[in-house]
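Data first, discussion second: the structure below is written as structure tokens.
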Amino acid sequence: MTAARIGLPRRLVIGGGALADSGRLVTDLGFARPVVVTDAFLSAQGTVARLVAALTDAGCEVAVFDGTVPDPTTDSLAPGLSVVREHGADCVIGLGGGSPMDTAKALAVLAVGGGTMREYKAPTVTVGPALPVVAIPTTAGSGSEATQFSIITDSASDEKMLCPGPAFLPVAAVVDYELTLSMPARLTADTGVDALTHAIEAYVSRKANPFADGFALTAIATIAANLRTVVADGADHPAREAMMLAATQAGVAFSNSSVALVHGMSRPIGAHFQVAHGLSNAMLLPAVMRFSVGSAPSRYADCARAYGLAGDSDDTLARALVGAVEQLCADLAVPTPRDYGIDRARWDELTPLMAEQALASGSPGNNPRVPDAAEIAALYDEVFG
């Protein structure tokens, strides 16, 4: 087995109310001039003001960029980069869901490394230099607070670029489940299935390793036990806390293993049809598992046991897991692309390009069953609905 290269944040502050400790965390790390990278919603909601107050009380001089957009693009980075440089930032704080955290990571690399994001896309692995990033997630899904990746869409080509490497790994994270209490049910469901996808793909990946395995299985068990509960009652604090921790654990898992075919196919859907990343993963997960399960039944069976299923053989368990995930997505009313309102003709027109972009990302090559472009196109046809 090839040695696994493990990357983790140096510090994690985890628990309800942890946002209040952000200032002390930042100054303990030796930073004094952070730029908070976030979105307009969190500014209007008051969450940004709470973070800025904690940082200011700790003695920091703070600037805020709240112009991040869903599924950030290369064009959307320019105004944020100006803020980071003009402030003379010594660190970047990503506050929000996956998009603000991805934006923060990209700005941290561009501010020091220069160039364009296309220069950092896979298969390039960026070690540095970069400004340190502190990540503060407000959704329980992306796991970006613990991952060495940023996803940025090329504004010129609509390609969703995977940018990997230790330079994108946050130096620290604040994981406060109370920040997720206001998440609506739809977002809670989609980000929860996103985290489940991270955990399952990390475990069945061809790059799986014993370190990542433990985080993946723990996350699967936690999500299975809590996702329906938290979608039904967003004010359930224990379920919210469990899901937040599971999302971080799943992030640790896939950052130190890999994602696979679901993510390879998901990114083009997001880029071309503006479907949120968690939702596009949820649209794809059951069909991709059904395609893949026969190539790694023992690995999928382990996931099934973690999920709480029982069976007489690995093959039975593995296929039961596919059925259980299909039922979960049905219970959570995950829409098909057709239900979402995507035009069938446009979907069919873009399918060959999406299949090629999925393959080019490298993620399908980590899948238990490695597909070719025709098989990916057939899966896109199947999932349309």
Side-chain angles (χ1 to χ4, degrees), residues 1-9 12 98 101 122 125 137 140-151 162 164-166 168-170 173 175 191-224 227 243-267 277-278 280-282 284-286 288-289 291-293 295-307 317-318 321-322 324-325 328 358 361-370:
M1 177 178 172
T2 303
R5 295 177 177 268
I6 306 301
L8 298 167
L12 290 169
M101 288 191 284
V125 176
S142 76
S144 187
E145 65 274 9
T147 72
Q148 43 195 330
F149 307 105
S150 178
I151 310 292
L162 172 66
F168 296 101
L169 178 67
V175 183
T191 54
V193 178
D194 188 22
L196 179 63
T197 305
H198 293 153
I200 292 174
E201 289 212 305
Y203 193 81
V204 303
S205 165
R206 290 170 176 260
K207 293 184 177 178
N209 60 79
F211 178 87
D213 285 353
F215 286 95
L217 293 176
T218 299
I220 291 168
T222 302
I223 294 164
L227 180 52
M243 285 300 299
M244 191 67 156
L245 185 56
T248 299
Q249 291 169 328
V252 170
F254 87 80
S255 182
N256 291 289
S257 171
S258 75
V259 289
L261 180 54
V262 173
H263 279 73
M265 292 181 63
S266 173
R267 296 185 199 105
H277 175 70
S280 57
N281 278 348
L284 291 161
L285 181 59
V288 171
M289 288 177 63
F291 171 83
S292 308
V293 68
S295 296
S298 66
R299 299 297 283 183
Y300 281 104
D302 289 343
C303 294
R305 294 182 187 97
Y307 198 88
L317 271 169
L321 179 66
V322 178
V325 171
L328 175 67
S361 74
S363 297
N366 302 323
N367 206 58
R369 178 181 173 186
V370 178

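Checked against side chain to side chain contact (heavy atoms under 4.5 Å, CB included), R305 has the following partners two or more places apart in sequence or in another chain: A301, D302, D314, L317. For the side chain to side chain contact (heavy atoms under 4.5 Å, CB included) test, residues two or more places apart in sequence or in another chain that qualify with A324 are Y307, L309. Not a single side chain to side chain donor-acceptor pair (under 3.5 Å) links S142 to another residue, sequence neighbours left out. For the ring pair (Phe, Tyr, Trp, His ring centres under 6.0 Å) test, residues two or more places apart in sequence or in another chain that qualify with F149 are F254. Residues satisfying the side chain to side chain donor-acceptor pair (under 3.5 Å) criterion with N366, sequence neighbours excluded, are S258. By the ring pair (Phe, Tyr, Trp, His ring centres under 6.0 Å) test, F215 pairs with F211, sequence neighbours left out.
Counted by atom type alone, S266 and S280 present one or more donor-acceptor pairs between their side chains at under 3.5 Å.
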| said: Pair H263, V288 - check side-chain contact (heavy atoms from CB on, under 4.5 Å), show working. | reply: CA-CA 10 Å; H263 279 73; V288 171; over 6 Å; no
| field | Test side-chain contact (heavy atoms from CB on, under 4.5 Å) applied to Y300 and V204, step by step | value | CA-CA 7 Å; Y300 281 104; V204 303; 3.7 Å; yes
| message | Apply side-chain contact (heavy atoms from CB on, under 4.5 Å) to residues T222 and L245 and explain how you reach the verdict. | response | CA-CA 9 Å; T222 302; L245 185 56; over 6 Å; no
| message | As a quick check of understanding, evaluate side-chain contact (heavy atoms from CB on, under 4.5 Å) for L162 and V259, giving each step before the final call. | response | CA-CA 11 Å; L162 172 66; V259 289; 5.7 Å; no
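Counting only distance, with no hydrogens or angles, the side chain of S255 and the backbone of V252 share no donor-acceptor pair below 3.5 Å.
The side-chain heavy atoms of P137 and M101, taken from C-beta on, include a pair separated by under 4.5 Å. No side-chain heavy atom of P368 sits less than 4.5 Å from a side-chain heavy atom of R299.
Taking every heavy atom of both residues into account, T147 and G251 meet most closely at CG2-O, 3.5 Å. Between A247 and A140, the shortest heavy-atom distance links the atoms CB-C, 3.6 Å. Scanning all heavy atoms of the two residues, the minimum distance from A199 to A216 falls at O-CB, 3.4 Å. Shown here for A202 and A208, the closest heavy-atom pair between the two residues is O-CB, 3.6 Å. Shown here for N209 and I6, the closest heavy-atom pair between the two residues is OD1-CD1, 4.1 Å. In terms of heavy atoms, A122 sits closest to P164 at N-CD, 3.7 Å.
Distance check, rounded to the nearest 0.5 Å: OG of S363 to CE of M265 gives 12.0 Å. To the nearest 0.5 Å, atoms OG (S144) and CD1 (I151) are separated by 8.5 Å. In this structure, CG on N256 lies 8.0 Å from CG on L169, to the nearest 0.5 angstrom. Between Q249 atom CD and I220 atom CD1 the span is 11.0 Å, to the nearest 0.5 Å. Taking CZ of R369 as the start and CG of L261 as the end, the distance is 10.0 Å to the nearest 0.5 Å. With rounding to the nearest 0.5 angstrom, the CD1 atom of I223 is 5.0 Å from the CG atom of L196.
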